[in-house]
Amino acid sequence: MVILKKWVLLVVALVAGIMSGWAKEPLKALVVTGQNNHNWQVSHLAIQQILENSGLFDVDFAISPAKGEDMSSFIVDFSPYQVVILDYNGDKWPEETNRRFLDYVKKGGGVVIYHAANNSFPDWKEYNEICALGGWEGRDEHSGPYAYWKDNRLVKDDSPGIGGSHGAQREYPLTARNIKHPILQGLPERWLHAQDELYDRMRGPANIKDLLLTGLALEEKGGSGREEPLVFTVNYGKARIFHLMLGHAGESLENNPAMQCTGFQVLLLRGSEWAATGQVTQPVPMDFPSASAVSYRKDYK
Ligand code: ZN
């Protein structure tokens, strides 16, 4: 009888172990949005679909009041989430939400800075340290140096001038600067991104931890002429911060090339998992873009 009980317990333990391996709990992600100089009504749904269609994430939204409205009700609880994705560029959050966000980040929270989120809050010192680089909204040499790739290293340049600009949207190649990082491991060193903006002349504390991808902002297309840092991680205490400047939202989910790019989606998925856990368990996809051909996942999966 005792032996039988032991066997039953062993079988139960084995089954439970197998089940936990099969049905891994999805990572909990929060997308913060509601104001943006971009089409956040499209981008936050695209982000949700990309993350949830992978089966790796459950996504909630924190949607702020509209621009100019009373923000005092916008109190966000970040604590249940393993990763917070910022798709917000607008009015100041209430002090309580700022405090909670810093508390979440300082305790080692995962953050993804997506596209124009790096325009937000030019006067909030800690926020700019969490982004490392930002643009527009009056940024200039007082915001910190420019940072760009030159002579095989990341250069910081204190020369005066605007913070944040971009040339005409186009397809452009991205080049890996740290191919061994978990977010990039197994992906090609150079690949063609779908039509998008290429942010240049960004400025800030420039506390970049691992520079992942750069792109050349061609002068003849209205760019800075520099190899610009577009995807990187940020050095900020224990936090895991993934900064993804790509992904200018289109007019609808159907017409949204920068976010329908397989490369963008894979970076968002890998960067979000890394921000949440410090690891990337996702295999290298077969449909990743090559150096000469763009690839799309038009239905975000
Ligand atoms: Zn944009």
Side-chain angles (χ1 to χ4, degrees), residues 31-50 63-64 66-67 85-91 111-122 127-128 130-139 143 146-148 162-174 192-204 212-219 221-224 226-232 234 241-268 271-272 294 296-298 300:
V31 177
V32 181
T33 189
Q35 290 184 36
N36 210 306
N37 60 325
H38 287 73
N39 195 348
W40 66 266
Q41 290 90 342
V42 165
S43 58
H44 81 294
L45 295 179
I47 290 168
Q48 179 195 34
Q49 291 197 23
I50 293 162
I63 297 180
S64 74
K67 195 163 183 62
I85 296 154
L86 297 179
D87 179 18
Y88 183 92
N89 175 22
D91 293 342
V111 181
V112 175
I113 308 290
Y114 155 66
H115 199 59
N118 64 24
N119 295 195
S120 238
F121 311 134
Y127 186 80
N128 285 275
I130 288 166
C131 293
L133 291 175
W136 295 274
E137 303 297 322
R139 283 176 174 84
S143 313
Y146 295 118
Y148 46 88
I162 57 159
S165 60
H166 62 75
Q169 288 191 34
R170 59 189 174 90
E171 293 180 357
Y172 55 85
L174 290 161
L192 192 62
H193 179 37
Q195 180 174 308
D196 199 349
E197 291 167 344
L198 195 168
Y199 279 7
D200 63 24
R201 300 186 181 92
M202 304 296 275
R203 319 193 65 132
L212 300 182
L213 295 167
T214 62
L216 179 59
L218 292 171
E219 267 184 301
K221 300 289 181 184
S224 63
R226 297 167 181 160
E227 188 78 27
E228 297 282 353
L230 300 174
V231 184
F232 49 84
V234 178
I241 302 166
F242 175 63
H243 191 145
L244 178 61
M245 291 197 190
L246 314 178
H248 179 84
E251 62 184 28
S252 65
L253 281 169
E254 293 72 33
N255 184 10
N256 190 19
M259 301 186 83
Q260 286 170 309
C261 171
T262 302
F264 172 82
Q265 294 185 24
V266 168
L267 287 176
L268 180 67
S272 297
V294 169
Y296 293 100
R297 293 179 181 173
K298 292 200 169 169
Y300 305 99

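The chain is numbered in sequence order, starting from 1. Indexing begins at 1, ligand by ligand and atom by atom, following the structure's order.
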Can you name the residues that form a ring pair (Phe, Tyr, Trp, His ring centres under 6.0 Å) with H44, not counting sequence neighbours? W40, F61
Once you measure the plane-to-plane angle for Y199 and H166, does it fall in the parallel (<30°), tilted (30-60°) or perpendicular (>60°) bin? parallel
For the Zn ion (ligand 1) the protein N, O or S atom count under 2.8 Å stands at 4
Report the residues that fulfil side chain to side chain donor-acceptor pair (under 3.5 Å) with D87, sequence neighbours left out, ordered by chain and then residue number. N36, S43
I'd like to check the side chain to side chain donor-acceptor pair (under 3.5 Å) partners of Y127; sequence neighbours left out, ordered by chain and number. none
Show your reasoning for whether ring-ring contact (aromatic ring centres under 6.0 Å, His included) applies to Y114 and H243. CA-CA 6 Å; Y114 155 66; H243 191 145; over 10 Å; no
Spell out, as yes or no, whether a donor-acceptor pair under 3.5 Å connects the side chain of E228 to the backbone of Y148. no
